[in-house]
Amino acid sequence: MPEGHTLRRLAGALTEVFVGRRVQVSSPQGRFAADAEVVDGSVLVDADSAGKHLFLEFEHDHLVHVHLGLIGRFDITTGAVEVPPPIGQVRLRLAWVGDDKASYADLRGAILCDLVGPSKRDEVLARLGPDPLRGDADPGRAWARISRSARPIGDLLMDQAVIAGVGNVYRAEVLFRHRIHPLRAGRTLRRGQFQAMWDDLVVLMGEGVRTGRIETVRPEHLPEAMGRAPRTDRGGGEVYVYRRTGQPCLVCGSHVRADVLVGRNLFWCSQCQRTFRSRAVE
DNA sequence: AGCCTATGCGAAC
DNA sequence: TTCGCCTAGGCTG
């Protein structure tokens with residue numbers, strides 16, 4: 001679940017439910033108990049995301065810095081009759097009880113849940129690259145890094161200091177959609193290729209925020225258009241290459257390939273994504 | 001019921 | 001470089 005769109009969506013939902021309200025903050029699991037006590041009963045001023053980071057800002061400059069990591073979840077329930085006993089290891093619980101309904105949000109399995117001050121948020125924001133989900137993002141900062149780097153573009157896209165919020169699914173899919181080989185050095189890309197990928201990420205991730213799913217397949221390649229069975233696994237949307245190792249490419253039919261790059265699974269179509277030397281060719 | 005894997009990254013070794 | 005997080009979905013049996 002957690003790429004940038006998940007955190008952005010979460011920030012929006014938490015804003016809707018809790019911002020402007022005096023919130024009960026607890027840590028049923030206990031690991032955040034001392035810090036939860038500091039902000040318990042204070043007003044949530046803002047909930048916002050940057051890349052894959054989430055900041056809950058309470059009054060008096062108390063911020064809760066959350067990062068879901070790989071297995072973290074932050075589940076929000078609204079319109080409950082009452083706030084139920086926690087299930088599993090709930091590191092952080094936000095709760096608000098109105099006259100006739102209760103809302104609560106449970107954080108589990110997060111890699112990070114810290115009580116911090118504004119300077120910590122500044123520090124995190126400073127080390128993140130531009131986030132395609134933020135209207136004020138400057139893609140030129142990402143291009144400055146990519147255009148000078150010998151590292152593979154597949155590695156650079158996952159580097160949060162280059163572009164914030166892109167994870168393994170969006171990486172694989174945006175490279176496929178632009179027919180760029182993941183191992184191609186960043187500095188061999190043309191500016192237009194980068195800009196097209198960036199613009200695409202803005203759209204794809206924006207859709208991810210709205211739908212809560214990663215859908216990257218163009219209409220002409222959807223199951224209905226091609227007469228294949230829709231995917232029911234993965235719990236996600238239709239994708240071209242992510243976790244489709246060995247299956248036929250939706251465009252050319254050759255087998256989707258997989259390898260490990262910088263410790264992460266990498267998926268691509270070696271037929272569609274062959275553009276290793278376009279700079280030499282142009 | 002049990003096993004495996006994962007859209008990530010900070011900390012420990 | 002490896003481990004922890006300790007979740008949840010999918011698959012195996």
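Chain A is the first sequence line, chain B the second, and so forth, proteins listed ahead of strands; every chain is numbered from 1. Just so it is clear, the structure is predicted and the values come from calculations on it, not from any experiment.
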[X] side chain near [N] phosphate (N/O to OP1/OP2, under 4.0 Å):
X      : N     : result
A:Y242 : B:dT7 : yes
A:N265 : B:dA6 : yes
A:K52  : B:dT7 : no
A:R264 : B:dT7 : yes

Of the options [options], whose atoms approach the side-chain atoms of [X] most closely?
X      : options              : value
A:Q160 : C:dC5, B:dG8, B:dC9  : B:dC9
A:V169 : B:dT7, C:dC5, B:dG8  : B:dT7
A:R73  : B:dC9, B:dT7, C:dT7  : C:dT7
A:R91  : B:dT7, C:dC6, B:dG10 : C:dC6
A:R243 : B:dT7, C:dA8, B:dA6  : B:dA6

At under 4.0 Å between heavy atoms, what does [X] touch on the DNA or RNA strands: base, sugar-phosphate, or nothing?
X      : answer
A:R127 : sugar-phosphate
A:Q29  : sugar-phosphate
A:G167 : sugar-phosphate

What is the distance from atom OG1 of A:T188 to atom CD1 of A:I153, rounded to the nearest 0.5 Å?
->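 Going from the OG1 atom of A:T188 to the CD1 atom of A:I153 covers 8.5 Å.
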Just by distance, with hydrogens left out, do A:R184 and A:Q193 show a side-chain donor and acceptor under 3.5 Å apart?
->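 Distance-only check passes for A:R184 and A:Q193.
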For the residue pair A:S254 and A:Q271, confirm or rule out a side-chain donor-acceptor distance under 3.5 Å.
->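 There is no such pair (donor and acceptor under 3.5 Å, judged by atom type) between the side chains of A:S254 and A:Q271.
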Please state how far atom [atom1] in [X] lies from atom [atom2] in [N], giving the value in whole angstrom units.
X      : N      : atom1 : atom2 : result
A:I87  : C:dC6  : CD1   : P     : 17 Å
A:L266 : B:dG8  : CG    : P     : 13 Å
A:R108 : C:dG4  : CZ    : C1'   : 19 Å
A:L128 : B:dG8  : CG    : P     : 14 Å
A:F267 : B:dA6  : CZ    : P     : 7 Å
A:D114 : B:dA11 : CG    : C1'   : 12 Å

Is any side-chain heavy atom of A:E3 closer than 4.5 Å to a side-chain heavy atom of A:R171?
->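 Not touching, per the 4.5 Å side-chain cut-off.
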Cation over ring, A:R244 on A:F267, under 6.0 Å and within 45°?
->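 Judged by the rule, A:R244 and A:F267 form no cation-pi pair.
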For atom C1', what is the distance between B:dG2 and C:dC6, given to the nearest Å?
->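 Nearest-Å result for B:dG2 against C:dC6 at atom C1': 16 Å.
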Given the P atoms of B:dT5 and C:dG13, what is the spacing between them in whole Å?
->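 After rounding to an integer number of Å, I get 14 Å for this pair.
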Salt-bridged, A:R213 to A:E215, with N to O below 4.0 Å?
->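 Yes.
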Could you pick out which residue, A:D75 or A:G69, lies toward the 5' side of DNA chain C when each is mapped onto its nearest nucleotide?
->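 Of the two residues, A:G69 wins.
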